[in-house]
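Inspection log for the structure reproduced underneath, given as structure tokens.
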Amino acid sequence: MFIINCPYCGDRDQTEFSCHGEAHIPRPTETAQMSDDAWGNYVFFRTNPKGYHRERWLHTHGCRRWFNALRHTVTDEFVTTYKIEDPRPPLPTESQTSSDGRQS
Amino acid sequence: MANPVIATPLNEADFSIDGFSVAELDYSGKINLRADFESKHANQSLTKLLGIDCQLAPNTYKTSGDTSVFWLGPNERLVYTNGDVDAMVSQWRNKAGCAAVDVSDYSSVLKLSGPKARDVIASGTPFDIHPEVFSVGDCTQTRFGNATILLSNHSEAPEFQIQVRWSFAEYVFEYIKRVARYV
């Protein structure tokens, strides 16, 4: 079980949350001119890293607000969570973390 | 026009066992408010209409007379009132620059009391309800079994209230009845 820090409510149990994939993917604006390839990339293709990953999370059973989290996809370590409008926090440096499975 | 039938999902059922009792509260009006409560203008006009300052700390509620305001999110509040909900909603919508929705029929409110109340709640929720971290005046939205609830602490006696969506009311009530026999 994890404890996840909701930026609005504080530390809460993992089961109150749901994860909704990669964060910071802007919706295209010039949709009429987009090629099928570009649409396909926007809709289906994700970076899927082995390592630190910025994700969208929803506090489903709590305040029902969306926020972003910086999580390690192998160790499941939550580095930080931040509000949608906040600047992206930097990735942790090598010395701050175990090297297990981390993408270099 | 609004449906004049006033009902609650459990017909105000209750259940008691040694050291614990649970009862569904009478029907009361509920209004969901969405506004920028940080803005002085919106907050002032709402405070004037409600008689309660809507600028709440996260996960707390305030009560004055028969009106309570619960924090649901940074820009969302829930009001319990016995007043005329229709009149309040139209008044607030026009004057306070906020979205007000009558949600009186969305949910059921259960009152849990008795020395075992804490143990009963702890059996269904991952949220820490120890008095040091969840005291009187605190509320939180969390999970109880598979249902989403709004849990609030009303007395050190102890007394808690659980607000649950209409369709989950029976599930939560039966869950509580069952665990109350074992805690």
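First the proteins, then the strands, lettered A, B, ... as listed; each starts at 1. This structure is a prediction, so every number in the text was calculated from the model and none was measured.
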* Other residues, nucleotides, ligands: >12 heavy atoms within 6.0 Å of E85(A) CD -> yes
* Using the rule that two of Ile, Leu, Val, Met, Phe, Trp, Tyr join whenever any of their side-chain heavy atoms come within less than 4.5 Å, decide whether Y175(B) and L25(B) are in one cluster. => no
* Check the surroundings of atom NZ in K116(B): do more than 12 heavy atoms from other residues, nucleotides or ligands lie under 6.0 Å from it? => yes
* **Within 6.0 Å of CG in D11(A), more than 12 heavy atoms from elsewhere** => yes
* Nearest atoms (heavy-atom pairs only) where P126(B) meets E16(A) -> CG-OE2, 4.2 Å
* Whether over 12 other heavy atoms sit under 6.0 Å from D76(A) CG -> yes
* Could you tell me whether the side chains of H61(A) and T142(B) share a donor-acceptor contact shorter than 3.5 Å? => no
* Structure fact -> Separation between CZ (R12(A)) and CD (Q141(B)), nearest 0.5 Å, reads 8.5 Å
* To do: Select one option (side chain, backbone, both, neither) describing which atoms of D128(B) are under 4.5 Å from chain A's heavy atoms.
  => neither
* To do: Take atom CD of Q14(A) as the centre, draw a 6.0 Å sphere, and report whether it contains more than 12 heavy atoms from other residues, nucleotides or ligands.
  => yes
* Asked: Under a 4.5 Å cut-off applied to non-hydrogen side-chain atoms, are R65(A) and E76(B) in contact?
  -> yes
* For the pair R64(A) and T148(B), evaluate side chain to side chain contact (heavy atoms under 4.5 Å, CB included) and give the outcome as yes or no after the intermediate values. => CA-CA 11 Å; R64(A) 304 187 313 286; T148(B) 304; over 6 Å; no
* **Exercise: identify the closest heavy-atom pair between Y8(A) and P58(B)** => O-CB, 3.8 Å
